[in-house]
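Note that the numbering runs from 1 along the sequence shown for the chain.
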Amino acid sequence: MAEITAALVKDLREKTGAGMMDCKKALAENGGDVDAAVDWLRKKGLSAAAKKAGRVAAEGLVALAIKDNSGAVIELNAETDFVARNPQFQVLAAGIANVALAAGGDLAAVEAAAFPGSGRNVKDEITNAIATIGENMTLRRVNRLTVESGAVIGYVHSALGDGIGKLGVLVALKSTAKREALEAIGKQLAMHIAAANPQSLSVKDLDPAAVERERTVLSDQAAASGKPADIIAKMVEGRIRKFYQEVVLLEQTFVIDGETQVGKAIEKAAKEAGAPIELVAFTRFQLGEGIEKKADDFAAEVAKMAG
């Protein structure tokens, strides 16, 4: 049997990120063959990763990648905020965002795409990271925006690094204006979206069911006033307009100056740039939104801390 030297163990640790004792055992089980030991650890890691798969992953990172006229945003979840500050996890998130630039906004397509420099696809690269970092991880969602002419601009709120943080926004601007002008208004729009969290780009893009629910509530409230039907109808329409101003991006008040309507701010920017500017799409990913932990997950965490 080949001698299991410290250099061999170090080499295997660098290749896999696994613990020292696991590396020593892997080398011993495979006669000092590093490549065979890597496979052995991967198989062991897959088993370990499967045990972690049931644990809630609500922390992690949002990552953006932008190139030419396209931008991609992904949300990669982990179990604890501590892992979000792990350099390996950060590189993984940023790498997946870059993969999504080419693979598109379909989650399955991104998971199946090759992860650069690893010999694995994205899904397997995440599984490998689960084994080496020791927490459950999930690629929760992806999106990509593209314009033929114009620019996609990104913004990460409270960034932990280049293009990574807890809240990311992309805006797609269709225009022939110079990129500097598009970046200026695009950055402001992305910051506004991060703060105001609009539900849709325009009134016509709003979910009809959501509008109908709001109209029903407002109608019932107005009817309780006892006013004539024609007055009630005007009250409802006035409140619906206010609802639009609260949830529709182009109708909202621009947080940058606190007084201009977003749609008007874009018109002003277009006039200054000397070319029309159209905001054609946006996407906003906030880490963990919509994920709820179960009571037994919290109980398990408390028990772990107590132990």
Side-chain angles (χ1 to χ4, degrees), residues 1-61 63 65 74-103 107-140 160-164 297 300-301 303-307:
M1 179 181 291
E3 181 185 359
I4 309 303
T5 65
L8 277 176
V9 174
K10 180 175 181 292
D11 183 30
L12 185 57
R13 289 193 71 187
E14 289 176 350
K15 287 179 181 293
T16 65
M20 182 177 69
M21 296 308 297
D22 283 336
C23 288
K24 288 181 70 174
K25 184 174 182 180
L27 288 164
E29 290 285 338
N30 293 277
D33 186 326
V34 174
D35 290 336
V38 169
D39 292 339
W40 188 91
L41 282 170
R42 284 191 65 196
K43 292 173 183 176
K44 182 176 182 295
L46 288 172
S47 175
K51 294 176 183 178
K52 298 178 178 74
R55 304 206 301 238
V56 174
E59 297 292 342
L61 288 172
I74 66 102
E75 180 181 350
L76 181 65
N77 296 130
E79 294 177 58
T80 65
D81 181 62
F82 178 77
V83 168
R85 300 180 184 278
N86 180 310
Q88 182 184 349
F89 185 80
Q90 293 182 354
V91 168
L92 176 62
I96 295 173
N98 277 291
V99 170
L101 269 176
L107 180 61
V110 173
E111 288 183 325
F115 190 87
S118 73
R120 294 181 282 266
N121 62 23
V122 167
K123 187 172 183 179
D124 287 345
E125 185 67 11
I126 293 172
T127 300
N128 185 67
I130 293 172
T132 56
I133 294 176
E135 283 197 9
N136 186 29
M137 299 174 195
T138 305
L139 179 59
R140 185 184 179 206
L160 297 176
D162 187 18
I164 56 174
D297 294 318
E301 287 184 9
K304 183 178 179 181
M305 291 170 66

I need the Q90 CD to L160 CG distance, nearest 0.5 Å. 6.0 Å

Is it the case that more than 12 heavy atoms not belonging to D81 sit under 6.0 Å from its CG atom? yes

Do you know which two heavy atoms are closest between V99 and A113, and how far apart they sit? CG1-CB, 3.6 Å

Heavy-atom donor-acceptor pair, E75 side chain to R140 backbone, under 3.5 Å: no

Any chance you could measure I164, atom CD1, to I74, atom CD1, to the nearest 0.5 Å? 10.0 Å

Here the pair of heavy atoms bringing A63 nearest to A93 is CB-O, 3.6 Å

Minimum heavy-atom distance L101-A65, with the two atoms named: CD2-O, 3.5 Å

Within this structure, what is the CZ-CG distance for the pair R85 and L61, rounded to the nearest 0.5 Å? 9.0 Å

Shortest non-hydrogen separation from E125 to S118 and the atoms involved: OE1-CB, 3.2 Å

Going from CD1 on I96 to CG on L139, what distance comes out if it is rounded to the nearest 0.5 angstrom? 5.0 Å

Grab the two heavy atoms, one from K24 and one from V9, that are nearest each other, plus how far apart they are. CG-CG2, 3.6 Å

Is there a side-chain contact (heavy atoms from CB on, under 4.5 Å) between L76 and L92 once you walk through the steps? CA-CA 9 Å; L76 181 65; L92 176 62; 3.8 Å; yes

Any donor-acceptor pair under 3.5 Å linking the side chain of N86 with the backbone of F82? no

Separation between CD1 (I126) and CZ (R120), nearest 0.5 Å, reads 11.5 Å

Main chain of E59, side chain of E79: is a donor-acceptor contact present, judged purely on distance under 3.5 Å? no

Test item: E135 side-chain N/O and T80 main-chain N/O as donor-acceptor pair under 3.5 Å: yes

Which heavy atom of M137 sits nearest a heavy atom of A78, and at what distance? CG-CB, 4.3 Å

For L27, run the side chain to side chain contact (heavy atoms under 4.5 Å, CB included) check against D33, I4, T5 and tell me which one passes. I4

